[in-house]
Amino acid sequence: MPPALVEQLRPGGRLLLPVGPAGSAQQLCLVEKGRDGRVRERPLLAVAFVPMVGG
């Protein structure tokens, strides 16, 4: 998970993103920053995102 994305979250903010190498099994994770600034990551389900291609 990119630290720069987590740093941009305000307290109480949420981020939903796929974690893992592109082209293989990934985990959809919910990242939440608490009002106290603590970050909690919760895996939700297995996903497979594909790269975007230009048209």
Side-chain angles (χ1 to χ4, degrees):
M1 168 179 350
L5 288 178
V6 176
E7 289 174 16
Q8 292 179 49
L9 279 178
R10 66 183 176 127
R14 294 178 180 175
L15 176 66
L16 189 64
L17 72 160
V19 176
S24 66
Q26 299 170 316
Q27 194 72 17
L28 189 63
C29 292
L30 174 63
V31 179
E32 297 176 288
K33 185 179 273 189
R35 303 259 180 234
D36 60 359
R38 290 186 186 187
V39 177
R40 186 176 92 185
E41 179 183 341
R42 184 169 32 147
L44 300 177
L45 65 136
V47 294
F49 278 67
V50 295
M52 292 180 67
V53 295

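Reckoned from all heavy atoms, side chains included, excluding hydrogens, waters and symmetry mates.
- The two residues V47 and P18 have their closest heavy-atom pair at CG2-CB, 4.4 Å.
- The salt bridge (Lys or Arg N to Asp or Glu O under 4.0 Å) search around R42 returns E32, not counting sequence neighbours.
- With sequence neighbours left out, the side chain to side chain contact (heavy atoms under 4.5 Å, CB included) criterion links P43 to Q27, C29.
- Pairs engaging residues 43-55 under the salt bridge (charged side-chain N to carboxylate O under 4.0 Å, His left out) rule: none recorded [sequence neighbours left out].
- In terms of the side chain to side chain contact (heavy atoms under 4.5 Å, CB included) criterion, residue partners of P2 (sequence neighbours excluded) are, by chain and number, L5, L17.
- A heavy-atom distance below 4.5 Å is not found between the side chains of Q26 and V19.
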Side chain to side chain contact (heavy atoms under 4.5 Å, CB included) between L44 and L16, worked out: CA-CA 10 Å; L44 300 177; L16 189 64; 3.6 Å; yes
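- R38 is linked by a salt bridge (Lys or Arg N to Asp or Glu O under 4.0 Å) to D36, counting only residues two or more places apart in sequence or in another chain.
- Here salt bridge (charged side-chain N to carboxylate O under 4.0 Å, His left out) pairs that include residues 44-55, with residues two or more places apart or in two chains, number zero.
- With hydrophobic clusters built from ILVMFWY side chains whose heavy atoms lie under 4.5 angstrom apart, V39 shares a cluster with L15.
- Proximity of a side-chain donor or acceptor of K33 to a complementary backbone N or O of G12 within less than 3.5 Å is not detected.
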